[in-house]
Number of protein chains: 2
Amino acid sequence: MVTNKAIQEQRMKGYFIQATKDILKGEGLKGVSVRNVAQQAGYSYSTIYNYFKDVNDLVFVCISDFQQECASFVADQAQSSAPGVDRLKKLVVGYVNFFVEYPGLFELFYLAKVGDFGHKEATINVINSSLDAICEKEWNYCIARGMVKAADVERLKAQLRYMVISLLLLYLNRRFPASYSEFMNQLTIQINAILDNEALSEQTVANSGQGGTLVQNSLISVNIK
Amino acid sequence: MVTNKAIQEQRMKGYFIQATKDILKGEGLKGVSVRNVAQQAGYSYSTIYNYFKDVNDLVFVCISDFQQECASFVADQAQSSAPGVDRLKKLVVGYVNFFVEYPGLFELFYLAKVGDFGHKEATINVINSSLDAICEKEWNYCIARGMVKAADVERLKAQLRYMVISLLLLYLNRRFPASYSEFMNQLTIQINAILDNEALSEQTVANSGQGGTLVQNSLISVNIK
DNA sequence: CAAATATAATGAACATTGTTCATATTTTAA
DNA sequence: TTAAAATATGAACAATGTTCATTATATTTG
């Protein structure tokens with residue numbers, strides 16, 4: 001049974017969580033201070049400690065919500081494209097676009113230091129399987145249709161994951177590549193290198209470029225601040 | 001001409017830099033506070049501001065030194081192996097081992113937020129070309145011997161870079177994979193996937209594993225805390 | 001060598017962080 | 001309505017980066 005106290009407690013938590021999420025999407029982690037969150041939620045800063053162990057705890061619970069949001073964002077961008085490898089590519093691009101639009105969330109997912117990791121296995125898992133979860137349905141489709149060798153799938157998933165995360169890390173954190181178009185060019189090259197080589201439908205797209213030639217991509221453009 | 005004042009200033013800077021480097025290698029960025037550094041150097045905390053603009057400035061100048069150290073570390077590990085793709089693989093593994101041994105330096109290289117990035121282009125470049133610089137000689141060797149297609153080199157470099165950085169990021173920051181041996185297994189699989197496919201000396205090493213089988217690797221083991 | 005001046009080292013002080021805790025306030029129970 | 005329990009609050013503490021007036025040292029000058 002759900003007691004009134006439990007409902008009210010959840011509601012209070014929700015106020016702080018919502019405030020934290022708004023700040024994370026806007027200013028990023030640096031904007032999240034216990035006093036800042038409390039003010040936005042309309043409470044005193046010390047009240048937070050009646051509902052959360054510490055500020056890390058508060059930030060941590062936002063992650064699952066954001067993963068959901070990311071999945072919706074990506075699905076929306078990819079639904080129009082043809083199922084199979086094509087849509088797989090769009091899903092990956094959508095995933096990248098999400099974090100380019102919300103750099104603070106990339107920071108939260110991959111860069112944030114969180115004090116005790118021991119009891120947060122579940123949340124960590126949400127992060128680590130974030131991209132895979134979004135692509136899972138499409139991978140299964142590709143396997144069923146014989147578009148990729150089943151034995152290669154785990155390695156390919158890993159390759160995509162590694163490529164995407166580093167590309168975002170370097171672009172958002174180290175300004176490399178320097179421009180958004182170069183960044184997207186790199187992304188396209190790498191996606192094709194991973195997915196076209198292994199795909200049985202060997203179409204060998206023009207992706208040989210030395211990094212100099214700009215590969216045309218029909219990707220959704222995203223505003224960068 | 002080098003004035004006495006310049007010499008003394010460089011010496012003073014050196015004391016603070018050395019202290020900062022020691023702390024970075026030991027405790028990582030979280031251990032670097034202006035008071036902590038000053039104490040280790042034997043001066044008052046405020047003295048630092050006579051030689052460095054701020055604490056970021058101090059941390060920043062350590063990066064070039066560490067890149068040198070990393071290069072030596074890697075060269076030492078790879079010198080015994082045969083030139084060509086084989087040594088290339090060892091160089092990459094060595095690069096990974098360096099940051100596994102000094103997680104604080106990985107944080108510094110790839111995760112650290114530094115306030116103003118505008119005037120630090122050179123240092124940023126050291127980071128971005130860090131792995132490439134270490135492998136450059138070997139790449140040239142492979143190209144000259146026709147072991148890799150010259151047109152593919154830039155993409156392969158990028159693939160290695162992205163793979164290595166993410167693998168380290170997830171392992172050091174997100175405990176994924178959970179064990180060092182799994183981590184090294186992943187690394188081996190990915191290196192082979194990138195370098196064996198493209199190398200003309202197509203030897204197709206047994207790297208088909210689904211991530212379950214442990215690939216034997218003769219890699220230098222590294223203590224993990 | 002002594003005095004004047006320039007240079008450099010220092011800690012007090014301020015703002016901002018996370019966190020704790022005794023107190024004030026509000027809600028619930030009798 | 002009153003007593004008790006639950007909850008919201010701001011004062012207080014430690015640690016952070018940074019600034020600045022003051023102290024100490026080094027250099028130059030008479």
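The basis for the numbers below is simple: all heavy atoms, side chains too, and nothing from hydrogens, waters or symmetry mates. Residue numbers begin at 1 in each chain, while the letters A, B, ... track the order of the sequences. Note that the coordinates shown come from a computational prediction; the quantities given were computed from them, not determined experimentally.
Around atom CD of B:Glu9, more than 12 heavy atoms belonging to other residues, nucleotides or ligands sit under 6.0 Å away.
No side-chain donor from either of B:Lys113 and B:Asn56 sits under 3.5 Å from a side-chain acceptor of the other. B:Tyr95 and B:Ser130 share a side-chain donor-acceptor pair at under 3.5 Å.
Rounded to an integer number of Å, the gap from B:Tyr15 OH to C:dA8 C1' is 15 Å. Nucleotide C:dT17 holds its P atom 13 Å from the NZ atom of A:Lys30, rounded to whole Å. Rounded to a whole Å, the CZ atom of A:Arg35 is 11 Å from the P atom of D:dA11. Whole-Å rounding puts the B:Lys5 NZ to D:dT28 C1' distance at 13 Å. Between B:Met12 atom CE and C:dT10 atom C1' the separation is 12 Å, expressed in whole Å. If you measure from atom CD1 of A:Ile48 to atom C1' of D:dT7, you get 15 Å, rounded to the nearest angstrom. In this structure, A:Asp57 places its CG atom 14 Å from P of C:dG18, rounding to the nearest Å. One can place CG of A:Asn50 at 10 Å from C1' of D:dA6, the figure rounded to the nearest angstrom.
Neither OP1 nor OP2 of C:dT10 sits under 4.0 Å from any side-chain N or O of B:Ser46.
The aromatic rings of B:Phe52 and B:Phe16 sit perpendicular, their planes meeting at an angle over 60°, well past the 30° parallel limit.
Between A:Tyr49 and B:Ser44, the residue anchored nearer the 5' end of DNA chain C, judged by the nucleotide with its closest heavy atom, is B:Ser44. Mapping B:Asp54 and A:Gly42 onto DNA chain D by nearest heavy atom places A:Gly42 at the nucleotide closer to the 5' end. Nearest-nucleotide mapping onto DNA chain C: of B:Glu9 and A:Val55, the residue sitting toward the 5' end is B:Glu9.
Residue B:Val34 is in base contact, counting any heavy-atom pair closer than 4.0 Å across all strands shown. Within 4.0 Å (heavy atoms only), B:Tyr45 reaches at least one base atom of the nucleic acid. In this structure, B:Thr47 reaches the bases: a heavy-atom distance under 4.0 Å links it to at least one base atom across the strands shown. Residue contacts shown for B:Val37 are absent, as no nucleic acid heavy atom lies under 4.0 Å away.
When the options B:Phe176, B:Phe99, B:Tyr171 are evaluated for a ring pair (Phe, Tyr, Trp, His ring centres under 6.0 Å) with B:Phe183, the one that passes is B:Tyr171.
Of the candidate nucleotides D:dG17, D:dT18, C:dA8, C:dA8 has the atom lying nearest to any side-chain atom of B:Tyr51.
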